[in-house]
Amino acid sequence: MQININDLSKIYPNGKKALNNINLEIGNGMFGLLGPNGAGKSSLMRILVTLMEPSTGTASFNSFDLHRDRKEIRSILGYLPQDFRFFSKLKTWEFLDYAASLAGIRSKQMRKNKVDEWLEKVGLFDVRERDANKLSGGMKRRLGIAQTLIGDPKIIIVDEPTTGLDPEERIRFRNILSEISQQDVSIILSTHIVGDISSVCNNLALLNNGELAFKGTPEALIEKA
Ligand code: ADP
Ligand code: ADP
């Protein structure tokens, strides 16, 4: 994927300027979006996942335009918000089966294969019959990861990727993402903790107070600091 963000700004109705004229190019692989709380990361993510309109500017995903092709963009998008929660009474496997059907996998057998594959990948196969909302915090986060990735999205956006995961789970998640990032996929990891992503991202951007303060490699950022 090639994501181009052009002159994107967001001013909230109360006058708060959350993003000021952001320009970014994001290619395949893992991209880090860094910044302290209030920098504008969530605002930028909400715009990219088509949940919120920018005030001015646009973005493109290969040939898809943010304003014109919402439906197409949503169909290739996997978004894991920080506070992903389960309100349903579905079992763990049923939850993933539902996610797979939303992602357009019509064949029941194909869904079963996918669901089993992802239950294994995130280490939830043994608890597949348990109600999703009765899983532990780390397990819920892993289920969130599986439901985000089960439809083979081409654009993956994860907010605070390490939240709720213990060190072992973090390594597992990182390995899953690095495997996926070998394909024609763009992964955006958003965080306020530099150490979370600097070792896995080939490129990153630093937002500060709605401004793009830096873009480049992690090495260049460390040199600058
Ligand atoms: P981050 O995700 O980096 O913490 P946000 O995008 O959430 O940053 O917020 C950027 C700025 O915009 C902050 O000052 C925040 O208070 C403000 N903000 C976020 N959402 C709204 C909103 N709906 N209305 C007004 N201001 C908002
Ligand atoms: P996060 O940065 O964790 O994603 P939010 O984007 O929900 O959190 O909110 C970030 C900040 O923006 C909060 O501190 C909140 O006070 C402020 N904010 C959110 N919504 C509004 C709003 N409608 N009006 C004013 N400020 C808001």
Side-chain angles (χ1 to χ4, degrees), residues 1 3-27 29-61 65-67 70 73-74 77-87 137-138 140-141 144-145 147-149 153 155-165 170 173-174 177 181 186-218 220-222 224-225:
M1 287 300 295
I3 305 173
N4 290 323
I5 297 171
N6 304 311
D7 297 329
L8 211 63
S9 293
K10 179 68 190 181
I11 302 169
Y12 284 106
N14 67 357
K16 171 73 197 176
K17 192 158 200 173
L19 292 171
N20 188 16
N21 218 36
I22 303 299
N23 286 282
L24 270 179
E25 291 98 54
I26 300 173
M30 284 199 241
F31 185 90
L33 182 61
L34 282 169
N37 284 329
K41 304 183 299 295
S42 300
S43 300
L44 181 56
M45 282 184 290
R46 285 203 290 266
I47 291 169
L48 294 179
V49 302
T50 76
L51 290 174
M52 179 171 86
E53 296 264 359
S55 304
T56 58
T58 190
S60 61
F61 305 83
D65 176 80
L66 182 71
H67 301 284
R70 259 163 192 264
I73 293 167
R74 285 183 179 184
L77 194 74
Y79 175 45
L80 185 59
Q82 188 183 356
D83 58 353
F84 180 78
R85 289 195 193 93
F86 307 93
F87 297 104
K140 279 184 182 157
R141 186 71 182 166
I145 291 165
Q147 81 99 40
T148 303
L149 301 178
I155 310 156
I156 296 165
I157 301 184
V158 184
D159 196 2
E160 300 292 349
T162 64
T163 299
L165 298 179
R170 285 177 196 195
F173 184 36
R174 176 189 296 194
L177 286 181
S181 69
S186 296
I187 302 173
I188 301 175
L189 303 174
S190 166
T191 180
H192 66 285
I193 308 165
V194 186
D196 267 6
I197 55 166
S198 52
S199 62
V200 293
C201 293
N202 15 30
N203 277 293
L204 43 84
L206 176 63
L207 274 180
N208 194 18
N209 208 4
E211 307 275 347
L212 196 61
F214 171 87
K215 53 181 170 180
T217 63
L221 180 66
I222 291 161
K224 207 174 161 241

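Model, not experiment: these values are computed from the prediction. In listed order, ligands and their atoms are each counted from 1.
The residue from G38, G40, P13 that puts a heavy atom closest to atom 4 (O) of ligand 1 is G38.
Summarising the geometry, atom CG belonging to L34 is positioned 7.5 Å from atom SG belonging to C201; distances are rounded to the nearest 0.5 Å.
Within ligand 1, the atoms closer than 4.0 Å to a non-hydrogen atom of N37 are 4 (O), numbered from 1 in the order shown. Interface atoms of ligand 1 facing A18, defined by a heavy-atom separation under 4.0 Å, are 10 (C), 11 (C), 12 (O). Heavy-atom proximity to N14, at under 4.0 Å, picks out these atoms of ligand 1: 25 (C), 26 (N). Per-residue contacts place A39 under 4.0 angstrom from the following atoms of ligand 1 (heavy atoms of the residue considered): 1 (P), 3 (O), 8 (O). Under a 4.0 Å criterion applied to the non-hydrogen atoms of R46, ligand 1 contributes the atoms 20 (N).
Between I3 and F31, the closest side-chain pair of non-hydrogen atoms is not below 4.5 Å. The closest side-chain heavy-atom distance from I155 to Y79 is not below 4.5 Å.
At a 4.0 Å heavy-atom cut-off, ligand 1 does not touch S190 at all. When non-hydrogen atoms are compared, ligand 1 lies under 4.0 Å from neither the backbone nor the side chain of Q82. Of all the heavy atoms of K16, the ones lying under 4.0 Å from any atom of ligand 1 belong exclusively to the side chain.
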* To do: Begin with the C-alpha distance, continue with both residues' side-chain angles, and end with the deciding distance and a verdict on side chain to side chain contact (heavy atoms under 4.5 Å, CB included) for N23 and D7.
  => CA-CA 5 Å; N23 286 282; D7 297 329; 3.0 Å; yes
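Taking every heavy atom of both residues into account, S181 and I187 meet most closely at CB-CD1, 3.8 Å. Contact record, I188 with I26: CD1-CD1, 3.8 Å, taken as the closest heavy-atom pair. Counting all heavy atoms, side chain and backbone alike, F214 lies closest to K224 at CD1-CD, 3.8 Å.
At least one heavy atom of P36 sits closer than 4.0 Å to an atom of ligand 1. For H192, the heavy-atom gap to ligand 1 stays at 4.0 angstrom or more.
In this structure, a donor-acceptor pair under 3.5 Å is absent between the side chains of T163 and R141.
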